[in-house]
Amino acid sequence: MDTPIPAAGRDFIRQIIDADLAAGKHVNVVTRFPPEPNGYLHIGHAKAICLNFGLAAEFGSQVPARCHLRFDDTNPEKEEQEYIDAIEADVRWLGFDWGEHLYHASDYFQKLYDYSEELIQQGLAYVDDQSAEEIRATRGTLTEPGTDSPWRNRSVEENLDLFRRMRAGEFADGSRVLRGRIDMASPNLNMRDPALWRIRRAPHPRTGDAWLIYPMYDFTHPLSDALEYITHSICTLEFENHRPLYDWAVDNVSVPCKPRQIEFARLNLSYTVMSKRKLLFLVKEGHVDGWDDPRMPTLSGLRRRGYTPEAIRDFCERIGVAKRDSMVDVQLLEHCLREDLNRRAQRRMAVVDPLPLSIENWEEGRVDWLEAVNNPEDASAGTRQVPFTGELFIEREDFVEDPPKKWFRLSPGAEVRLRWGYLFTCTQVVKDAQGRVERLVGRIDPESRGGNAPDGRKVKGTIHWVSAAHALDAEVRLYEHLFALEKPGADRDFLEDINPHSLKCVTHCKLEAALAEATPELPVQFERLGYFVRDSRAPGLVFNRTVTLRDTWAKEAVKG
RNA sequence: UACCCCGUGGUGUAAUGGCAACACCUCAGGUUUUGGUCCUGAUGUUCCUGGUUCGAGUCCGGGCGGGGUAGCCA
């Protein structure tokens with residue numbers, strides 16, 4: 001190593017790899033991201049993806065390094081091609097590339113089968129005729145040892161014969177299982193003669209009906225890692241107790257290398273759920289619109305919502321990697337998002353809850369094309385022309401008849417700036433029969449074109465607007481967190497914690513005409529409201545609110 | 001009450017025997033044609049208890065607390 005990396009500040013996994021490289025244990029770094037295609041990828045997977053692919057990219061400057069994408073497809077009853085396709089698309093969208101290294105555990109079934117015969121030959125595996133119930137009953141408990149199966153001491157020949165016939169389909173589903181012959185009294189339950197292969201007459205998305213027996217994760221995973229020459233096999237904490245079994249597998253068959261399993265804490269995010277089981281439930285029971293519902297923590301949902309891969313990667317970097325259970329505040333994710341969007345999103349004006357406003361001293365039919373800055377954070381984004389007329393829409397929220405303290409938006413007699421336009425003073429409030437404000441009337445200062453008065457007087461409030469004659473009609477979907485509680489399901493069914501206000505669809509919003517060209521790939525900021533993106537599924541002009549702007553006034557208002 | 005893992009501000013992460021730091025959040029102020037952005041500042045931290053050491057968040061013992069594990073799921 002020409003430039004030794006200081007240990008300080010590096011997470012424990014990077015330190016392990018540093019040490020392995022320094023000690024000459026490895027001359028390269030090979031990691032893998034091993035999803036099971038039984039659901040869509042979520043933000044928790046993003047953490048694992050960024051870790052594994054990130055490691056390969058980082059160490060690649062030092063030694064040969066790569067990261068594989070491998071589908072852990074050993075349970076045909078839960079896995080589907082739709083998920084396989086979605087996972088590949090999501091990993092790519094996040095910004096990672098596995099190159100040639102796309103693998104499937106199902107490609108290794110024959111090798112795994114051969115390794116199993118090796119185990120049988122060594123007396124390290126046997127065919128058990130017990131039912132699943134009997135095996136469960138004899139496994140023992142957390143505090144008591146299990147008892148040996150009556151079939152535990154079969155001869156090698158008999159085991160070989162039976163195992164071959166299992167494969168040939170001579171036995172019914174679930175009637176027999178191949179078990180590792182380890183230790184029924186082990187304090188680690190995973191070592192109490194774990195099942196290695198089970199009989200399942202289920203078509204597999206990739207192998208079709210070629211196999212009637214399927215290997216278990218605990219057997220498949222370590223050997224797949226070994227077959228791919230994985231150096232560091234990084235997984236989540238719940239597999240910690242499985243590590244002795246992982247090591248047992250690679251130690252007892254003739255694989256070409258012995259990868260090391262390292263466990264880290266999975267991501268928990270406040271105000272959401274992360275288990276695939278729960279996410280699947282939300283989809284199947286119709287609590288959300290699908291896996292890519294913009295309220296879902298799935299990568300496809302976040303994408304549709306307007307999250308950027310850059311923001312998600314930044315987030316994954318900032319949360320770090322450790323072994324302690326934790327719950328990350330969703331506000332950190334939103335902070336990363338806003339930071340990215342602030343840099344890149346062009347500004348537009350849009351009125352979600354329109355209130356008509358008429359300018360008395362504006363010549364009928366006159367259109368004034370004003371210059372508006374597209375992105376104050378990025379001069380190269382340039383400017384655009386926005387039409388100003390005597391009939392506008394403003395945000396209903398920006399007007400109050402009886403302003404509270406520190407209110408510097410619109411109220412009767414108060415002067416505000418119409419962004420990029422003129423200083424405006426409200427002279428008249430028109431109400432309907434019910435007393436609801438229907439329309440505002442007022443005057444502009446004709447000398448203030450562009451937003452500044454010639455006399456230099458300060459106007460603190462600036463509000464956004466849209467010319468009525470030029471406005472586009474659109475639907476805007478306002479989202480909040482899917483769950484109302486920080487930790488959904490903490491003390492009741494998680495469905496009861498769903499936020500009833502997680503989606504608000506608002507129709508007949510008024511947009512600046514330039515928004516007609518908005519695409520689902522380009523985030524925009526609706527000035528003073530938040531970041532939005534064109535929906536990728538709905539026909540017509542439909543926008544999703546990605547995230548609001550920080551709103552210090554809202555906090556002020558709450559305080560009174 | 002078996003085995004494994006983990007305990008650092010409200011949250012997440014760092015400090016690798018030597019001044020407990022960074023980010024988010026919160027709060028206060030400044031700048032501002034977005035109550036955005038940006039800038040400045042403030043509040044707040046080593047689970048308890050013995051020990052080793054000149055010196056312990058860090059090493060050791062004992063507690064306490066949290067998480068995981070009894071699929072032919074992954």
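For clarity, every value in this text was computed on a predicted model and none was experimentally measured. To find a chain, count down the sequence lines: A is the first, B the second, and so on, and within it residues start at 1.
In this pair, A:Tyr217 does not lay its aromatic ring on the base of B:A74; centres under 5.5 Å and planes under 30 degrees do not both hold.
In this structure, A:Phe388 has its ring center at least 6.0 angstrom away from the ring center of A:Trp420.
Within the nucleic acid shown, A:Ala195 comes within 4.0 Å of sugar-phosphate atoms alone, with no base atom in reach, counting heavy atoms only. Within 4.0 Å of A:Phe239, counting heavy atoms only, lies at least one base atom of the nucleic acid. Within the 4.0 angstrom heavy-atom criterion, base atoms lie near A:His242. Contacts of A:Arg192 with the nucleic acid, taken as non-hydrogen atoms under 4.0 Å apart, are absent. Among the heavy atoms of the strands lying under 4.0 Å from A:Asn452 is at least one base atom, whether or not backbone atoms are also near. Among the heavy atoms of the strands lying under 4.0 Å from A:Arg419 is at least one base atom, whether or not backbone atoms are also near. The residue A:Ile135 sits close to a base: some heavy atom pair falls under 4.0 Å. Here A:Val373 lies out of heavy-atom contact (under 4.0 Å) with every strand. Across all strands shown, A:Leu332 has heavy atoms under 4.0 Å from sugar-phosphate atoms exclusively, and none from any base. A:Arg550 comes within 4.0 angstrom of sugar-phosphate atoms only, judged by non-hydrogen atoms across all strands, and of no base. Among the protein residues, A:Trp197 comes within range of no part of the nucleic acid, since none of its heavy atoms lies under 4.0 Å from any strand. Using a 4.0 Å heavy-atom distance criterion, A:Pro376 is classed as a base contact. Residue contacts for A:Glu36: at a heavy-atom cut-off of 4.0 Å it reaches the sugar-phosphate backbone alone, with no base atom in range. If you check every strand for non-hydrogen atoms under 4.0 Å, A:Glu134 touches nothing.
Across the strands present, B:C64 finds its partner in B:G7; the criterion is a Watson-Crick or G-U wobble pair with both atom distances under 3.5 angstrom. Base pairing of B:U1 is not made with any nucleotide, judged by Watson-Crick or G-U wobble geometry with both donor-acceptor distances under 3.5 Å. Here B:U13 sits opposite B:A21 as a Watson-Crick or G-U wobble pair (both hydrogen-bonding atom distances under 3.5 Å). Taking a pair to require two hydrogen-bonding distances under 3.5 Å in either a Watson-Crick or a G-U wobble arrangement, B:U45 remains unpaired. Remark: B:C59 base-pairs with B:G51. Criterion, Watson-Crick or G-U wobble with two distances under 3.5 Å. The pairing partner recorded for B:C73 is none, the criterion being a Watson-Crick or G-U wobble arrangement whose two distances lie under 3.5 angstrom.
The pair A:Glu395-A:Arg528 does not meet the salt-bridge criterion, since no charged nitrogen lies less than 4.0 angstrom from a carboxylate oxygen. The existence of a salt bridge linking A:Arg70 and A:Glu228 is confirmed by a sub-4.0 Å separation between a basic side-chain nitrogen and an acidic carboxylate oxygen. Under a 4.0 Å N-O distance rule, the pair A:Arg318/A:Glu339 qualifies as a salt bridge. Ion pairing of A:Lys276 with A:Glu36 is absent here, as no side-chain N (NZ or NE/NH1/NH2) approaches a carboxylate O to less than 4.0 Å.
Checked against B:U34, B:C72, B:U69, the side chain of A:Arg528 finds its nearest nucleotide in B:U34. Closest to the side chain of A:Asp11, from the set B:A14, B:G12, B:G35, is B:A14. Across B:G67, B:U37, B:A23, the shortest atom-to-atom separation from the side chain of A:Asn342 is found for B:U37. Taking only side-chain atoms of A:Asn241, from C-beta outward, the nucleotide of B:G68, B:C72, B:G35 with the closest atom is B:G68. Among B:G36, B:C25, B:G71, the nucleotide with an atom closest to any side-chain atom of A:Leu549 is B:G36. Among the nucleotides B:U34, B:A70, B:A23, the one closest to any side-chain atom of A:Arg347 is B:U34. For A:Gln331, the listed nucleotide lying nearest its side chain is B:C24; candidates were B:G36, B:C5, B:C24. Closest to the A:Trp553 side chain, of the nucleotides B:G35, B:G12, B:C72, is B:G35. Of the candidates B:G12, B:G67, B:A70, B:A70 carries the atom nearest the A:Leu142 side chain, counting heavy atoms from C-beta on. Across B:C5, B:C72, B:A14, the shortest atom-to-atom separation from the side chain of A:Ala322 is found for B:A14.
For B:G12, the base adopts the anti conformation, since its glycosidic angle falls more than 90 degrees from zero.
Taking atom C1' in both B:U46 and B:A15, one finds a spacing of 11 Å when rounded to whole Å. Distance check on atom C1': B:G17 versus B:U58 gives 7 Å, rounded to whole Å. Comparing the P positions of B:G12 and B:G67 gives an interatomic distance of 14 Å, to the nearest angstrom. Atom C1' of B:U31 sits at a distance of 23 Å from the matching atom of B:A23, rounded to the whole Å. A distance of about 8 Å separates the C1' atoms of B:U45 and B:A20, rounded to the whole Å.
Where A:Ala554 and A:Arg243 each meet RNA chain B at their nearest nucleotide, the meeting point lying more 5' is that of A:Arg243. With the nearest nucleotide of RNA chain B identified for both A:Thr74 and A:Asp329, A:Asp329 has the one nearer the 5' end.
Note: CZ (A:Phe264) to C1' (B:C5) measures 15 Å, nearest angstrom.
A:Tyr214 does not carry A:Arg200 over the face of its six-membered ring by the limits of under 6.0 Å from the centre and within 45° of the normal. Figure legend: A:Arg167 and A:Tyr113 shown as a cation-pi pair, the cationic atom lying under 6.0 angstrom from the six-membered ring centre and within 45 degrees of its axis.
Between A:Glu79 and A:His204 there is a side-chain heavy-atom pair separated by less than 4.5 Å.
Using a 4.0 Å cut-off, no side-chain N or O of A:Arg200 falls inside it from OP1 or OP2 of B:C72.
Residue side chain A:Arg338 does not reach the base of B:G36 through any donor-acceptor N/O pair under 3.5 Å, judged by distance alone.
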